[in-house]
Protein chains: 2
Amino acid sequence: MMHKTISLADQIFERLESDILTGVYPIGSVLTELSLSEDLGVSRTPIREAVRRLEQEHLVEPSSKGVVVLSITPHDAMIIYDIRIQVEGLAARACAENITDEQLAEMKELLELQEFYIKKADSEKIKNTDSQFHQMIYQFAGSPVYYDTLAPLHNKTQKFRKASVARSGKAVNSHEEHHDIYKAIAARDPDAAELAMKRHVEEAKKRLAELAEI
Amino acid sequence: MMHKTISLADQIFERLESDILTGVYPIGSVLTELSLSEDLGVSRTPIREAVRRLEQEHLVEPSSKGVVVLSITPHDAMIIYDIRIQVEGLAARACAENITDEQLAEMKELLELQEFYIKKADSEKIKNTDSQFHQMIYQFAGSPVYYDTLAPLHNKTQKFRKASVARSGKAVNSHEEHHDIYKAIAARDPDAAELAMKRHVEEAKKRLAELAEI
DNA sequence: GCGAGTATAATTGTATGCATATATCCATGA
DNA sequence: TCATGGATATATGCATACAATTATACTCGC
């Protein structure tokens, strides 16, 4: 019952993370290992593992009794964008310096796929390719440090944005900005890549600020 | 068996993290839960928890048999400093904008303590106060996001530096730079605080680069 | 009626056992 | 000799049992 499948702990983490960021477990509610274990029908062991990861990401906080749900505030979201502006700028620069031809081709392919989904107006898939594009940048930047630092931040803003979009009904489109970044990286121009990426994340921040009326 | 003290899992994580970053477990070596469990004299449960955290921080990587030690390369360390330059700059700025009088007093006290240890040439304590100073900045910046992002990065450079210092015999002293940062924060001057912090982390990067002969 | 002290319940920390998957090694046959 | 197949060893994933701590409720004495 082990390898091919994703571990229960991973599945449970994904589920709990989603449920917290989308409000299924409201901020302030208390979760205990035992109650989660009963709710999800598994033993405490994989639950513990998932909850520890939630703790590390500050989505929950230990309290005298179980853990209490924290999620993130709009203010936190804005700060995450400020950090992302700087660090993704560095990552894009590193990417322009280090990317291989194969990786570049992969990136181009993803952008074409995104274009396809934009024409079909499949917003779920658009958002997916969007995230994948950023994760590619993190991965192609030449050090796992970029991914480790940026992936959790990106993840949080994505889910926060998702909740805001659901409330407002608006959607966003940043395909052109992605293409600018790609072009700079393809040209192996670090300055241009950094600039394009910083501009892109800044725009994303502004869009969310409007959306969430911060 | 659940004393007031820190949990076994936490202790083991700290120890393994240190041992990896200082080379006790060389890069490429393989660790299994069972062998660690026997070496450290505890059951697999807390070991598992610690190893999962190491995986999340990319200090080890799962393999067919146990996990293999990754640690960080000098190149990674330099990248971490580049990220810290930017993000700690933001944190220092936020700190100057948000810090309370009590927090400011606490910070001043810490710097006086550090001065005391410097006169006594107690390098272990100096390093401790050093780390505490940075962590205070993260905590007083007004959002847990700063701490979550910066603490792991700071931790890694500290331990990496420790290994380098052990090899070279040199030590470093950055008290004056800390004091500059404090003065800017005390004056509630965000621009000056950001600048002082950036300069400080840049200097730390240069010192490590010399030390590690990168 | 109320406070103190104690019993009880609830919760997490740790150990252990079992199931399962994978690697390794050895034997056997062409 | 080499490939193949199976037995064995080793590893992790999950469940469960137990220990210990902390919160809560309750009782008893005043």
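Protein chains get the first letters and strands the later ones, always in sequence-line order, with residue 1 at the start of each.
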Side-chain heavy atoms of A:R52 within contact of A:E49, under 4.5 Å: no
Under 3.5 Å donor-acceptor pair, A:T45 side-chain atoms to D:dA15 base atoms: yes
Which nucleotide in C:dT11, D:dA15, D:dA11 has an atom nearest any side-chain atom of A:L34: C:dT11
Value in whole Å for how far the C1' atom of D:dG13 lies from CD of A:Q11: 12 Å
For atom CD1 of A:I12 and atom C1' of D:dA15, their distance in whole Å: 12 Å
Residue A:P46, side-chain heavy atoms: nucleotide from C:dG17, C:dT14, D:dA15 that is nearest: D:dA15
Side chain to side chain, A:L54 and A:L16, heavy atoms closer than 4.5 Å: yes
Residue-phosphate contact under 4.0 Å: A:R48 side-chain N/O, C:dG13 OP1/OP2: yes
Whole angstrom value for the distance that separates P of C:dT22 from CD of B:E33: 16 Å
Residue A:S43, side-chain heavy atoms: nucleotide from C:dT12, D:dC14, C:dT16 that is nearest: D:dC14
Earlier contact from the 5' end, DNA chain C, for A:L31 and B:G41: A:L31
C:dT11 OP1/OP2 closer than 4.0 Å to side-chain N/O of A:K65: yes
Among D:dA17, D:dA11, D:dA15, the one nearest A:R44 by side-chain distance: D:dA17
Between B:H200 and B:H179, ring centroids under 6.0 Å: no
Atom pair distance, as rounded to whole Å: CZ in A:F13 and C1' in D:dC14: 19 Å
Among C:dA23, C:dT12, D:dA11, the one nearest B:T32 by side-chain distance: D:dA11
Atom pair distance, as rounded to whole Å: CD in B:E38 and P in D:dA11: 9 Å
Rounded distance in Å - CD (B:E49) to P (D:dG13): 14 Å
Rounded distance (Å) that lies between atom C1' of D:dT12 and atom CD of B:E55: 11 Å
B:Y147 and B:Y138 aromatic ring geometry - parallel, tilted or perpendicular at 30°/60° bounds: perpendicular
From C:dG13, D:dA23, D:dG13, nucleotide with atom closest to B:S7 side chain: C:dG13
Closest non-hydrogen atom pair, B:M136 against B:M107: SD-CA, 3.7 Å
Euclidean distance, atom CG of residue B:L8 to atom P of C:dT12 [Å, nearest integer]: 18 Å
